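Here's the structure, in structure tokens; my notes come after.
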Amino acid sequence: MTKRIKDILNQENFSKEDLIELMKIDNKEDLDLLFKKAYEIKEKYVGRKVYYRGLIEISNKCIKNCKYCGIRRDNQKVERFSMSKEEIMEAVKWIYENNYASLALQSGERQDEEFVAFIEDLVKTVKEFSNGKLGITLSLGEQSKETYKRWFEAGAHRYLLRIESTNLDIYKHLHPMDNKHLFEVRKRCLEYLREVGYQVGTGVMIGLPNQTEEDLVNDILFYKEMDIDMIGMGPYILHKDTPLGKEWKDIVVSEEKRVELGLKMIAITRILLKDVNIAATTALQGLDPEGREKGLLAGANILMPTATALEHKGKYLLYDNKPGINDSVEKAKEDMDKKVKSIGDEIVYGEWGDSIHFKEKKNKI
Ligand code: 5AD
Ligand code: SF4
């Protein structure tokens with residue numbers, strides 16, 4: 001087995017079968033080879049550098065009802081909150097003062113004009129406050145092309161919208177069968193974002209019941225086909241008050257396996273796509289205390305420490321046992337600094353850390 005894996009890893013190009021074989025690796029020796037190769041590629045194409053995005057979870061109100069997510073509309077147990085502009089700006093200030101060059105605004109989905117205008121104004125205010133220095137990533141779900149344009153013109157320049165799974169049967173199982181949760185719409189939104197001019201990020205959930213190695217390889221091929229600039233993906237984690245948290249409780253693969261699959265996804269994505277930004281996500285750490293460092297060693301180069309005020313953190317729970325909800329923003333930062341340094345990566349402050357893939361594309365035009 002090892003010789004075959006070694007041979008594949010030495011190739012310049014990979015067939016789908018090669019990638020599936022890499023995704024099926026299940027012994028320590030070959031896993032180490034895979035991660036080592038991915039780290040080499042990271043070093044060569046994006047450097048041993050880690051960029052921070054200060055994450056502000058601005059509201060847990062959501063019009064969608066995804067069957068896996070803890071803040072879905074029908075979960076009555078959630079105490080809903082929306083941060084005021086002043087509260088958000090407090091967090092922005094903290095991020096700015098700590099020299100994170102970028103922030104990410106995330107929330108449940110809303111499409112009403114009040115929300116759209118609130119975000120537009122907020123983005124402008126952040127830009128003004130920081131003299132244009134803070135890069136802004138949005139992660140605010142499906143919107144019209146018009147809305148994406150308004151937010152872009154206000155000053156946001158990156159957008160994250162996960163495709164969740166490119167296997168249509170799985171996608172349908174993850175979402176209610178109404179016309180508000182359509183794969184085609186999600187995909188079209190990614191196209192709108194590209195057309196408007198954003199750096200576009202997407203990703204999937206990993207380790208879902210019935211998801212095969214081939215499905216996961218197809219997800220990576222989708223990133224390639226859609227010319228994606230940034231990837232944020234992580235293991236699926238049960239949430240007890242959701243339909244799938246109940247249905248899948250006894251059939252989901254072990255947490256260890258989901259972490260391993262998550263790391264393989266990062267490594268194979270790095271090996272295939274080379275110069276994109278890849279985040280080591282909170283969900284990875286949710287299942288393994290060392291998940292984020294392992295993610296960096298498997299090829300990730302982005303971390304998103306939360307800068308959400310303690311008061312609200314405990315209400316933004318997409319899944320059970322979310323790590324760090326009792327930590328202050330200072331503690332979260334300290335922990336993360338230590339971890340990154342411990343593996344020998346450099347934390348880059350004061351630079352946006354744009355996707356090199358996106359920049360190279362622009363140079364070609
Ligand atoms: N487990 C893992 N990831 C989840 N997300 C939502 N719920 C869960 C869960 N239970 C992820 C989805 C979504 C992002 C905001 O969080 O991929 O796009
Ligand atoms: Fe809302 Fe996003 Fe959760 Fe779906 S995954 S219910 S859109 S917050």
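No hydrogens, no waters, no symmetry mates; every other heavy atom, side chains included, goes into these values. Predicted, not measured: the structure shown is a model, and the values here were computed from it. Whatever order the structure lists ligands and atoms in, that order sets their numbers, starting from 1.
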Discussion item. Suppose we call two aromatic rings close when their centres sit under 6.0 Å apart. Are H239 and Y319 close by that rule?
Written reply: no
Worksheet entry | Heavy-atom protein contact below 4.0 Å for atom 2 (Fe) of ligand 2 | no
Fill in: Path from L303 to Y39 over hydrophobic side-chain contacts below 4.5 Å
yes
Worksheet entry | Validation row: I88, F118 side chains within 4.5 angstrom (heavy atoms) | yes
Discussion item. I'd like the contact residues of ligand 1, where contact means a heavy atom below 4.0 Å.
Written reply: Y68, C69, R162, E164, M205, P235, Y236, I237, L318, Y319
Worksheet item: Do other residues, nucleotides or ligands put more than 12 heavy atoms under 6.0 Å from the CD atom of E114?
Response: no
Practice prompt. Evaluate the side-chain contact (heavy atoms from CB on, under 4.5 Å) criterion for residues E109 and K61: first the C-alpha distance (whole Å), next the side-chain angles of each, then the deciding distance (0.1 Å), finally the verdict.
Written response: CA-CA 7 Å; E109 199 172 298; K61 293 183 184 159; over 6 Å; no
Practice prompt. Could you pull out the N/O/S protein atoms under 2.8 Å of atom 3 (Fe) of ligand 2, ignoring any water?
Written response: C69 SG
Item to complete: Can you sort out the partners of F183 under ring-ring contact (aromatic ring centres under 6.0 Å, His included), two or more places apart, ordered by chain and number?
Response: Y171
Worksheet item: Would the number of heavy atoms belonging to other residues, nucleotides or ligands and lying under 6.0 Å from CD of E195 be above 12?
Response: yes
Worksheet item: Hey, mind stepping through D335 and K331 against salt bridge (charged side-chain N to carboxylate O under 4.0 Å, His left out) and telling me if it holds?
Response: CA-CA 6 Å; D335 281 359; K331 166 107 173 30; 2.9 Å; yes
Worksheet entry | Considering all heavy atoms, the nearest E142-L161 contact | N-CD1, 4.0 Å
Practice prompt. Return the set of residues passing ring-ring contact (aromatic ring centres under 6.0 Å, His included) with F152 (not counting sequence neighbours), or none when no residue passes.
Written response: Y198
